Colleague: 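This is the structure, below, for whatever I ask next.
These figures come from a predicted structure and were not determined experimentally. First the proteins, then the strands, lettered A, B, ... as listed; each starts at 1.
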2 protein chains.
Amino acid sequence: MRTPTIRDVAARAGVSKSLVSLVLRGAEGVRPEKRAAVMTAIEELGYRPNAAARSLSERRTRTVGVLLNDLRNPWFVELLDGLNSRLYDSGLHTLLADGHLNRRLGEDLTRTFTELRVDGLVAVGTLQDPQALRTAAGRIPTVVVGTREPELPGVDIVANDDEHGARLATEHLIGLGHRHIAHIAGHGAVGELRRRSFEATMREHGLEGTAVVEQGDLTEEGGYRATVRLLSRPERPTAVFAVNDMSCVGALSAAEESGLQVPRDLSLVGYDNTYLSRLRHLWLTTVDHAGHDVGRRAAQRLLDRIENPGRPGEVELAAPFLEVRGSTGVVGEG
Amino acid sequence: MRTPTIRDVAARAGVSKSLVSLVLRGAEGVRPEKRAAVMTAIEELGYRPNAAARSLSERRTRTVGVLLNDLRNPWFVELLDGLNSRLYDSGLHTLLADGHLNRRLGEDLTRTFTELRVDGLVAVGTLQDPQALRTAAGRIPTVVVGTREPELPGVDIVANDDEHGARLATEHLIGLGHRHIAHIAGHGAVGELRRRSFEATMREHGLEGTAVVEQGDLTEEGGYRATVRLLSRPERPTAVFAVNDMSCVGALSAAEESGLQVPRDLSLVGYDNTYLSRLRHLWLTTVDHAGHDVGRRAAQRLLDRIENPGRPGEVELAAPFLEVRGSTGVVGEG
DNA sequence: CTCATGGGTTGGACCGTTCCATAAGCCGCC
DNA sequence: GGCGGCTTATGGAACGGTCCAACCCATGAG
């Protein structure tokens, strides 16, 4: 028994395949009894439309490909949620693929999605291969989300406002009376923006003399090492603003190891408001990167771009906000 | 300019579309100069095969759909890695979809994958809708991975041996001299297996009198609450084996809150060896669920089932192992 | 010289839909 | 009775590949 096609349904319902097609797409002007006959035939045969045949004929897939940079670090879940729901409202499905997993295999996911003829492409986070994304973006409406790079022609970027977020974190610490504040930096455009904004904010408050930056790498290990270096300085900082939650957890470990209590002896602020920071045991003050909002806006951008592919690429920023938890406190109080 | 098709390539290379097709599929017996002509035409036109057309004609997609239960809890990353690499070796791509995200939208992903005519289906973790999976499994070779339910006709299950894992954890604690050991249980088949094995192991060591079970729910919050209850008992346990790492982190918080030091006053063992347990700040002793191995075996099962769809469903278990870190210690020592 | 052999290539049917132009049927009106 | 107009249904041509039987053309054997 082959899987049934639209013709099998038609034969069983005693109508033409065209009418079945009309019913499937919910067309007006089909006589109710015929519609019912078709529906029962579909039911009885367990018919399911063939997406390949449909998209071949329709010349679109109603599907959006989402490229994730690394499943291991699920900062993007809220973002996906926003993206997904907005796209779904417009009748688009999303398919995910993880770049990290597939890169080791030498598989180029932009190519896979290109061959699938997805209607749009969303790159979540910084991808390994900007060149592949560039060529894909030449064919498929593309939006980059949750990062600030790469900037490509005809590609929109939607992210949170890192400068604003870093300012929020830094001013929060300054407001608590901290003067010796350190920043654990990360690489890439996002790391750059956050660091610069940290430095600018410190300068605005006349604290450029006591601002310190240590380089991290967005991992726990990097955050740990950077903090160990920070704490061995003659003028030990009383607060650390880490480029992301992961680094912040590393900072937390380093602090405890050297006998410092958080937040009594050292205040910590992370970035991303991942579920890590929400763990009762960590309970980090952090900057929420407005993932849901970013995702929704990205979806809207993509829909616009599918409508009107020619438009030049733009950058759209959502406003992050501070989530104050237990890792920050007034300086010198305990 | 339409996107080029195989016929455009053929015209440009001065050959028939059939020959282009042969070249694309790397067929033998094509004259080298013709092959070269086709390749340059492909290059010049930027031709990309159309997956829909190909799969319509070939009547298969070379694609496997992977259903994830919840991206927020990324215990399955290693597993995906194993799965992916094995499938890729056999020329199959994987597409991911997250059930949690899409369920809210009322989208049935098994249906989406059925319409896509994926060659196989992998359900990672317990899904919300076993009924949908059952009907999908009736059409598409299906394997359930990393969980023990649902058991469906013609569906293989590949997971780690929870009974063995729970035994490892429990005997580790007993070996450290613990007698009053508690278990934070989880729901579902997996929770049941781990709890039963905990109880059996305790019984074998004559410790059924001091074994305690509190119900959790696999979340941090649940682990926290269960531990608070445990610690308020007259006979406080000296060790806790939690059903998963997430619960274990909750237990850790509860312990610290009531002034107990881990592992001096309370030993803790988790399950899954997620990156959470590897965080220096938590550094949990945990049972590794052999994700990579499970993933590879699942891929093999799926490939077998694609070859031979009729076979009845079987359960295959991989051996978990203990990962001793900092959250367990000899009883009474500090 | 004829004919079988076989490597290399090709046209056309087919996969399962959508879409469009056209047909069928019915009604009312002149 | 013929005809225009309207609603509803239909056949056939795409869509872009794969696959297969048939074809072409050297080559070598008989």
Colleague: Using heavy atoms to find the nearest nucleotide of DNA chain C for B/L22 and A/L22 separately, return the residue whose nucleotide is more 5′.
Modeller: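 The residue whose closest nucleotide sits nearer the 5' end is B/L22.
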Colleague: May I ask you to verify if any side-chain N or O of A/R25 is less than 4.0 angstrom from the OP1 or OP2 atom of C/dC19?
Modeller: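 For C/dC19, OP1/OP2 do have a side-chain N/O of A/R25 under 4.0 Å.
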Colleague: Find the distance A/L56:CG to C/dG16:P and express it as a whole number of Å.
Modeller: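 The distance from CG of A/L56 to P of C/dG16 comes to 12 Å, rounded to the nearest Å.
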Colleague: B/I6 has an atom CD1; how far is it from atom P of D/dC15, in whole Å?
Modeller: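 Between P of D/dC15 and CD1 of B/I6: 15 Å.
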Colleague: Can you tell me how far P of D/dG17 sits from CG of B/L24, to the nearest Å?
Modeller: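 To the nearest whole Å, that distance equals 8 Å.
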Colleague: I need the CD-P distance between B/E28 and C/dG6, as an integer number of Å.
Modeller: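 So the two atoms are 17 Å apart, to the nearest Å.
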Colleague: Quick check on DNA chain C: between B/G14 and B/A53, whose nearest nucleotide comes earlier from the 5' end?
Modeller: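 Per heavy-atom nearest nucleotide, the more 5' residue is B/G14.
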Colleague: May I ask you to say what B/S18 touches in the nucleic acid, namely base, sugar-phosphate or nothing, with a heavy-atom cut-off under 4.0 Å?
Modeller: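 Base: the residue B/S18, judged by heavy atoms under 4.0 Å, touches a nucleobase.
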Colleague: Strictly below 4.0 Å: does B/R31 bring a side-chain N or O up to OP1 or OP2 of C/dG8?
Modeller: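 So the side-chain polar atoms of B/R31 never come under 4.0 Å of the phosphate oxygens OP1 or OP2 of C/dG8.
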Colleague: Establish, with yes or no, whether the OP1 or OP2 oxygen of C/dT17 is under 4.0 angstrom from a side-chain nitrogen or oxygen of A/R7.
Modeller: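 So the side chain of A/R7 is outside the cut-off, no N or O lying under 4.0 Å from OP1 or OP2 of C/dT17.
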Colleague: Report the distance from atom CZ of A/R35 to atom C1' of D/dT7, rounded to the nearest whole Å.
Modeller: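 Answer to the nearest Å: 14 Å.
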Colleague: Please give, in whole Å, the distance from D/dC15 P to B/D8 CG?
Modeller: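 Distance check: B/D8 CG to D/dC15 P gives 11 Å.
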Colleague: Taking only N and O in the side chain of A/S21, is any of them less than 4.0 Å away from OP1 or OP2 of C/dT18?
Modeller: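 Answer yes for this pair, as a side-chain N or O of A/S21 is under 4.0 Å from OP1 or OP2.
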Colleague: What is the distance, rounded to the nearest whole Å, between atom CZ of B/R54 and atom P of D/dC15?
Modeller: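 Taking CZ of B/R54 and P of D/dC15, I get 19 Å after rounding.
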Colleague: For D/dT18, does OP1 or OP2 lie under 4.0 Å from any side-chain N or O of B/S57?
Modeller: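 For D/dT18, neither OP1 nor OP2 has a side-chain N or O of B/S57 closer than 4.0 Å.
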Colleague: Figure out the CZ/C1' separation between A/R62 and C/dT17, and round it to whole Å.
Modeller: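 The answer, rounded to whole Å, is 12 Å.
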Colleague: With the threshold set at 4.0 Å, does a side-chain nitrogen-carboxylate oxygen contact exist between A/E58 and A/R62?
Modeller: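 Salt bridge between A/E58 and A/R62, a charged N being under 4.0 Å from a carboxylate O: yes.
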Colleague: Classify the nucleic acid contact of B/K17 as base, sugar-phosphate or nothing, counting any heavy atom under 4.0 Å across all strands shown.
Modeller: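 Base contact - B/K17 has a heavy atom under 4.0 Å of at least one base atom.
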Colleague: Crowded around A/E33 CD? As in, over 12 foreign heavy atoms under 6.0 Å?
Modeller: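 More than 12 within 6.0 Å, yes.
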Colleague: Assess whether a salt bridge exists between A/R103 and A/D98, defined as any Lys/Arg side-chain N lying under 4.0 Å from an Asp/Glu carboxylate O.
Modeller: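 The answer is no: the pair does not qualify as a salt bridge.
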Colleague: Can you work out whether A/K34 or B/E58 has the more 5'-proximal nearest nucleotide on DNA chain D?
Modeller: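 Taking each residue's closest nucleotide, the earlier one in sequence belongs to A/K34.
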Colleague: Are B/E115 and A/R48 ion-paired here, with the side-chain N under 4.0 Å from a carboxylate O?
Modeller: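 Answer for the salt bridge query: no.
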Colleague: Just compare C/dT10, C/dT17, D/dT10 and give me whichever is closest to any side-chain atom of B/S16.
Modeller: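 Among C/dT10, C/dT17, D/dT10, the one nearest the side chain of B/S16 is C/dT10.
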Colleague: Looking at A/Q128, I'd like to know if its CD atom is crowded, meaning that more than 12 non-hydrogen atoms belonging to other residues, nucleotides or ligands lie closer than 6.0 Å.
Modeller: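 Atom CD in A/Q128 is packed in, count exceeds 12.
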Colleague: Please tell me if A/T5 has a side-chain N or O lying less than 4.0 Å from either OP1 or OP2 of C/dG16.
Modeller: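 For C/dG16, OP1/OP2 do not have a side-chain N/O of A/T5 under 4.0 Å.
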Colleague: Do any side-chain nitrogens or oxygens of B/R59 fall under 4.0 Å of OP1 or OP2 in C/dG16?
Modeller: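 Indeed, a polar side-chain atom of B/R59 lies that close.
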Colleague: Tell me, do A/F113 and A/T142 make a side-chain contact under 4.5 Å, heavy atoms counted?
Modeller: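 No - every pair of side-chain heavy atoms lies 4.5 Å or more apart.
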